[in-house]
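Have a look at the structure below before the remarks.
Each chain gets a letter, A, B and so on, in the order its sequence line appears, and its residues count up from 1.
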Number of protein chains: 2
Amino acid sequence: MQTVRVNLGPRSYDIALTSTDPAGFAAFARRAAPKAKLALVVTDANVISHASTVASGLQSVGIHSQTAVVPAGEASKSVARLEALYDALAELPADRGTLVVAVGGGVVGDLGGFAAATYNRGLPLLMVPTTLLAMVDSSVGGKTGVNHPKGKNLIGSFHQPAGVWIDTAYLASLPDREFRSGLAEVVKYGVIQDPEFFEYLEANAAAILARRPDTLVHIVARSCRLKADVVEQDEREETGLRAILNYGHTFAHGYETVGGYGAWLHGEAVAAGMVGESRLAERLGRIPVAVTDRQVRLLTAFGLPIAGKPEWATEALIDVMRRDKKSQAGKLRFVLPTRLGHVELVDGVSEDLVREVLRT
Amino acid sequence: MQTVRVNLGPRSYDIALTSTDPAGFAAFARRAAPKAKLALVVTDANVISHASTVASGLQSVGIHSQTAVVPAGEASKSVARLEALYDALAELPADRGTLVVAVGGGVVGDLGGFAAATYNRGLPLLMVPTTLLAMVDSSVGGKTGVNHPKGKNLIGSFHQPAGVWIDTAYLASLPDREFRSGLAEVVKYGVIQDPEFFEYLEANAAAILARRPDTLVHIVARSCRLKADVVEQDEREETGLRAILNYGHTFAHGYETVGGYGAWLHGEAVAAGMVGESRLAERLGRIPVAVTDRQVRLLTAFGLPIAGKPEWATEALIDVMRRDKKSQAGKLRFVLPTRLGHVELVDGVSEDLVREVLRT
Ligand SMILES: NC(=O)c1ccc[n+]([C@@H]2O[C@H](COP(=O)([O-])OP(=O)(O)OC[C@H]3O[C@@H](n4cnc5c(N)ncnc54)[C@H](O)[C@@H]3O)[C@@H](O)[C@H]2O)c1
Ligand SMILES: NC(=O)c1ccc[n+]([C@@H]2O[C@H](COP(=O)([O-])OP(=O)(O)OC[C@H]3O[C@@H](n4cnc5c(N)ncnc54)[C@H](O)[C@@H]3O)[C@@H](O)[C@H]2O)c1
Ligand SMILES: [Zn+2]
Ligand SMILES: [Zn+2]
């Protein structure tokens, strides 16, 4: 078992990583929540079997649990589902020490995490991510929340987990498209923070796609460490540093909105978004074309898109970017690479330049 | 204008106190939220006029606002009302810098505060308390939340305000019974933390009941300071220190539950609760009878009850106390005075002793 420590003072916690130690979970849960006697396991319909393994593990260390199953999919990140979890917690009945265990992808993590954040002013939370995206992104950093008809993740709060248990064996059942989508965020960490990690991904693309256990553990561990490095310095998105995680995401937000949620998975939009934003950096003279080309090759190897669909209108995409909260006072703002492994926040990018990039 | 500073590191804030400076609010709001352009004012039907004064003040410093009015009363602390506030915030539309301003009693503060805590992962919050209870208790300390059918304040989180503006002139319209009820918590601070303040209350009871402006500002300021002292040392109820604020509240919880919410106001239950718990301390040999007697005289002067109603069955009261979260493993646990101005957490108090006190 490998461990990534997230250092946040009194809110510090461990991310445990394994591909071979399913039984280790119980001991980890006990350590993360030494006094818990009761737990609510939150999961979705596609991963019930993983949730029941988790429930047995909890039972083996004296933590009795109930399981709340939500339908798979983004629609479960709603106030209505949240209320159902509050009811389930009240039924247990939960007290201050009751553990919430989220077994699933980012949807279950965000929803279950927010219930934990707000029940009894905060219950201990264990994350057991089962998608690659949840392992490398949504389980790390403490963001929890649900959607509002007017906006994604509009209702939420920061609530750091007591621990994260990552068993890459769970990825065996993950559909290929979901797996590849998660790789986009992995590539992102290489571009924004770690050129050697980017090279590792280039050199090991085949092993990654074949989901070789040791390779998976390595890329997940490195991604968690890199995200944790950012979160440790800007836990609540106050200093601006955490914004570097948005590389590729301004374009991606355009693709997701114009394409309609569902046309592309999030990671697909991020992949094409990174290429677009990297081209922008080229035109601003910030990077040589080779930096973009290497991203294009790697993302292509991972079966990810490198440009928006031709039918998505440039002006509609620009419109979304203009409204994006990462832009201020009419000017467009982007997180752009200065070299492989480093990005900067760049203000005042002209819309015409963005148009040019979108049209090529 | 007097100021009480609440020191919580990056979450520090000022409580401004005045009885003569209604115009000062606007400048205070601007200082507390330097970048805000937009605000949602949350209020209840009884204090709309105060809310519109607040809205004009905001406008005068360039903060445009909308007002959300909830029905007066505890029933407004619900997930349904919370959702309505989320909708109002989305309508504005609110962004990360939008201010939530709670103008009202503890109900409006807890509800509006929780909306602020959870919209966009946390909006800046200004508290403008209009009841004595809200001025001396609920506006200080960062607890926010709503009720669940299974329990009061079951859904909530800690969210410190950016500032608290207290104008004791608002108390002019407060019904007498609400005012007296708020005094119970004021007396509590004297008993648990500050014998000189207790003496001040004894010496100035008539001026307080006459709501003399300078006297009101003094007792509110001192109460805020005393509560802030506790909150600064135990912001999130983790070290146990914050428990001293529960003096009188274990008995009170019994009276409120057995009497049914509505029979007594919270402060009335706390008044009788303090006397009961003080008698318990006497029987345990922790304090002389004089300590209780002084509380009895002061609470009586304030028109507050000093014992439960005779029709409330002792066993029913004990039952509630047994279930109270402040009790552990079947034993009863109380916060009890050791002298005027000091309390301790006492475990393992026998139910028979509690019975004896309840029956006298
Ligand atoms: N909190 C954060 O910091 C953060 C960061 C990024 C994304 N997110 C959120 O994460 C969500 C997306 O997460 P996601 O991509 O994991 O989506 P998801 O949770 O919807 O999971 C994707 C699909 O895979 C299924 N699935 C999950 N694990 C499986 C497994 N092991 N085997 C088979 N099927 C499995 C799910 O049932 C679902 O159908 C979004 O709501 C997004 O807003 C949050
Ligand atoms: N967050 C905390 O730390 C904390 C602490 C103590 C209590 N509380 C909560 O506070 C709530 C009780 O607060 P409350 O006693 O202020 O009740 P409240 O907010 O219901 O106000 C009491 C009544 O007075 C009216 N009112 C308010 N200001 C007025 C004014 N200036 N003039 C005329 N009428 C006015 C209200 O409309 C209401 O009818 C409870 O829900 C309790 O759980 C919270
Ligand atoms: Zn992303
Ligand atoms: Zn109280």
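Rounded to the nearest 0.5 Å, atoms CD1 (I155(B)) and CD (E83(A)) are 7.0 Å apart. In this structure, CZ in R121(B) is found 5.0 Å from CG in N153(A), a value given to the nearest 0.5 Å.
Most heavy-atom pairs under 4.5 Å with chain A: of the set H159(B), K150(B), R236(B), this distinction falls to K150(B).
When all heavy atoms of A117(B) and S157(A) are compared, the closest pair comes out as O-CB, 4.2 Å.
Under the salt bridge (charged side-chain N to carboxylate O under 4.0 Å, His left out) criterion, R31(A) pairs with no residue, sequence neighbours left out. Checked against ring pair (Phe, Tyr, Trp, His ring centres under 6.0 Å), F251(A) has the following partners two or more places apart in sequence or in another chain: F334(A).
For a residue to count as touching a neighbouring chain, one of its non-hydrogen atoms must lie under 4.5 Å from one of that chain's; by this rule E238(B) does not touch chain A. Using a 4.5 Å cut-off between heavy atoms, A90(B) touches chain A through backbone and side chain atoms alike.
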